[in-house]
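Report on the following structure.
Remember, predicted model here, so these are calculated numbers, not experimental data. Side-chain atoms are counted along with the backbone in the values below, which use heavy atoms only and exclude waters and symmetry mates.
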Amino acid sequence: MRVLHVIPSVSERSGGPATAIVPMCRALQEQGIEVTIASTNDGLPQINTNSAVEFKGMAARFFPVQLGGSFKYSPELARWLKKNVKTFDVVHIHAVFNHSPVAAARACRASRVPYVVRPLGTLDPWSMKQKSLRKRLFWEVSAKNMLQRAAAVHYTTLSEKEATETFLGLNHGRVIALGVDANGTEHTAQTTNRLAPGAEAAGPYVLALSRLHPKKALDVLIDAFISVNKDPWRLVIAGDGPADYVAFLKQKARRSERITFTGWVEGEQKDALFRGASLFALPSRQENFGFGVLEAMARGVPALVSSQVDL
C-alpha cells in the first residue's frame with residue numbers, strides 16, 4: 001500500500017504538526033506501508049526541491065514556496081500532485097487553510113483517489129473566530145467542499161471532533177491520537193548536560209516549550225509564575241515566534257529575574273530541557289492535542305495544562 005502525506009511545512013518551527021508527522025509516518029513504515037511526504041521548503045532552505053530526497057528516514061519531495069507566510073502558495077507542488085497523486089492508494093492531508101491541502105484534495109478528486117484530512121484544530125470554534133472573515137470566505141470557497149468530500153476527517157481527540165462537527169455540521173470524523181517515537185525519548189548520557197544557553201542555572205524549573213504564539217497564553221503563565229514565585233524555582237520559556245509578541249512576553253517577564261527565554265531549541269538541547277524540567281506547562285487558550293505535553297510525559301515529566309488543551 002502506498003500512502004502520500006501532504007503538509008504545508010515540516011519545519012519544526014511551524015509547530016506541533018510538523019513534529020507529529022514524523023513518528024506517524026515511521027509507524028506506518030513499520031507496518032510495511034510505503035510512505036512519501038510532499039511539502040514545501042518553508043523553513044528548510046537547505047532542502048533540495050523538485051526531486052526525491054530522504055527526510056528523517058522517509059521518502060519525501062519538497063517544492064519551493066512562491067508566496068510564503070501562512071498560505072504557502074506553491075504551484076510546483078500543485079502540478080506534481082496533479083500528475084502523481086494517482087500512483088498512491090490514499091492521501092493523508094494535514095491542514096486546511098493553506099494552498100497544499102486544497103491542491104491535494106483537488107488532485108485526489110480528479111484522479112478518484114480517496115483522501116483523509118487532518119484539520120490540526122483549525123476548524124475548532126475558537127480557531128475559526130481568529131481572522132474570522134478570511135476563514136469564513138476560505139471555508140465557503142474551498143475548505144467546505146474539501147472536508148465534505150473527504151473519505152474521513154482525522155481528529156486527534158474526541159473533544160476536537162465533537163466541537164468541530166457541532167460547529168460546522170460535519171459527520172464523518174474519526175479519532176486517532178498522535179504518538180511519540182519511543183526511540184526519541186530514551187535517555188542517553190550525551191544529552192544529560194546540554195541545556196540551552198540561559199537555562200543552566202541550578203534549581204527546579206517549570207518548562208514552557210512551544211511556538212511563542214498568543215494562543216499559547218504564555219502571558220498568563222508569566223503572570224501566574226510571578227505571583228507565586230519562590231526560590232529556587234525558575235520558569236524557562238523555549239521557542240520562537242513573531243518578534244512583536246516575543247518582545248511583549250519579555251517585557252512582561254522583566255518583573256522577575258527567574259524567568260529565562262532560551263530561544264529556539266531542537267535536538268539534544270530540547271531533550272535536555274525536557275529531562276531537566278520538574279514541570280511542563282501548556283496553558284493554551286485552544287489546543288486540539290498538545291504534542292509537547294505528550295513529549296514531556298513520555299520522558300516522565302508531569303504536565304500542567306489548561307482546560308482548553310483537548311489532550
Side-chain angles (χ1 to χ4, degrees), residues 12-20 95 118-132 135 155-168 173 175-180 204-230 233-242 244-246 248-253 255-256 258-262 265 270 273-274 276-311:
E12 290 189 8
R13 290 177 181 264
S14 66
T19 303
R118 181 165 72 104
L120 315 178
T122 57
L123 300 179
D124 178 275
W126 185 92
S127 297
M128 289 293 286
K129 292 175 183 177
Q130 314 306 309
K131 302 178 181 177
S132 59
K135 287 185 177 179
Y155 302 105
T156 50
T157 60
L158 181 60
S159 297
E160 180 194 10
K161 176 181 182 292
E162 292 177 343
T164 300
E165 292 192 340
T166 300
F167 186 60
L168 296 173
V175 178
I176 304 173
L178 300 177
V180 294
Y205 61 86
V206 178
L207 173 64
L209 189 154
S210 69
R211 286 186 302 138
L212 303 191
H213 186 278
K215 91 166 189 172
K216 304 294 182 178
L218 297 175
D219 54 324
V220 177
L221 178 62
I222 290 171
D223 287 340
F225 178 81
I226 291 174
S227 71
V228 299
N229 184 21
K230 294 182 180 180
W233 281 87
R234 296 177 294 128
L235 172 60
V236 177
I237 299 176
D240 199 3
D244 56 345
Y245 185 66
V246 174
F248 164 73
L249 293 177
K250 289 183 176 180
Q251 178 64 36
K252 182 177 282 287
R255 292 178 289 152
S256 172
R258 308 192 67 77
I259 300 177
T260 300
F261 289 81
T262 69
V265 294
K270 176 181 174 181
L273 273 179
F274 270 121
S278 297
L279 180 69
F280 178 81
L282 185 68
S284 296
R285 294 178 170 92
Q286 187 278 325
E287 202 79 41
N288 69 296
F289 191 79
F291 196 75
V293 178
L294 202 62
E295 291 183 298
M297 294 176 68
R299 292 169 171 83
V301 180
L304 171 68
V305 301
S306 72
S307 61
Q308 304 307 309
V309 177
D310 288 344
L311 179 59

According to side-chain contact (heavy atoms from CB on, under 4.5 Å), who are the partners of Ala18, at least two apart in sequence or on a separate chain? Ser14
Minimum side-chain heavy-atom gap Trp233-Ser278 below 4.5 Å: yes
Start with the C-alpha distance between Ile237 and Thr262, add both sets of side-chain angles, then the distance that settles side chain to side chain contact (heavy atoms under 4.5 Å, CB included), and finish with yes or no. CA-CA 6 Å; Ile237 299 176; Thr262 69; over 6 Å; no
More than 12 heavy atoms of other residues, nucleotides or ligands under 6.0 Å from CE of Met297: yes or no? no
Donor-acceptor pairs under 3.5 Å, side chain of residues 211-221 to any protein atom, not counting sequence neighbours: which ones?
| from | atom 1 | to | atom 2 | distance (Å) |
| --- | --- | --- | --- | --- |
| His213 | ND1 | Lys215 | N | 3.0 |
| Lys215 | NZ | Gln286 | OE1 | 3.2 |
| Lys216 | NZ | Glu287 | OE1 | 3.2 |
| Lys216 | NZ | Glu287 | OE2 | 2.9 |
| Asp219 | OD1 | Arg285 | NH2 | 3.4 |
| Asp219 | OD2 | Arg285 | NH2 | 3.3 |

Apply side chain to side chain donor-acceptor pair (under 3.5 Å) to Lys131 and list each qualifying residue two or more places apart in sequence or on a separate chain. none
Not counting sequence neighbours, which residues clear ring-ring contact (aromatic ring centres under 6.0 Å, His included) with Phe280? List them please. Phe274
List the residues meeting ring-ring contact (aromatic ring centres under 6.0 Å, His included) with Tyr245, not counting sequence neighbours, and say none if there are none. Phe248
Would you confirm whether Ser127, through its side chain, and Gly121, through its main-chain N or O, come within 3.5 Å as a donor-acceptor pair? yes
Considering all heavy atoms, the nearest Ala281-Val206 contact: CB-CG1, 3.8 Å
Under 4.5 Å between any side-chain heavy atoms of Tyr205 and Leu273, yes or no? yes
In chain order, what residues pass the side-chain contact (heavy atoms from CB on, under 4.5 Å) check against Ser132, with sequence neighbours excluded? none
What residues, two or more places apart in sequence or in another chain, satisfy salt bridge (Lys or Arg N to Asp or Glu O under 4.0 Å) together with Glu165? Lys161
Indicate the atoms forming the closest heavy-atom contact of Ala163 with Asp124, along with that distance. CB-OD2, 4.0 Å
Results of salt bridge (Lys or Arg N to Asp or Glu O under 4.0 Å) for Lys250 - residues two or more places apart only: none
Side-chain donor-acceptor pairs of residues 300-311 under 3.5 Å, sequence neighbours excluded:
| from | atom 1 | to | atom 2 | distance (Å) |
| --- | --- | --- | --- | --- |
| Ser306 | OG | Ser284 | O | 2.5 |
| Ser306 | OG | Gln308 | N | 3.2 |

In this structure, NZ of Lys252 is separated from CG of Asp223 (nearest 0.5 Å) by 4.0 Å
Nearest 0.5 angstrom please: Leu178 CG to Phe289 CZ, how far? 4.0 Å
CD1-CZ distance between Ile226 and Arg255, expressed to the nearest 0.5 angstrom: 4.0 Å
No-hydrogen, no-angle side-chain donor-acceptor test under 3.5 Å, Asn288 and Thr156: yes
Indicate yes or no: at least one non-hydrogen side-chain atom of Arg258 is less than 4.5 angstrom from one of Leu235. no
Considering only heavy atoms from C-beta outward, does the side chain of Met128 approach that of Leu123 to under 4.5 Å? yes
Taking side chain as C-beta onward, heavy atoms only, is Leu209 less than 4.5 Å from Val265? yes
Working note: Asp240 + Arg13, criterion side chain to side chain contact (heavy atoms under 4.5 Å, CB included); need CA distance, chi angles, decisive distance, verdict. CA-CA 7 Å; Asp240 199 3; Arg13 290 177 181 264; 3.3 Å; yes
Tyr155 side chain to Glu162 main-chain N or O, any donor-acceptor pair under 3.5 Å? no
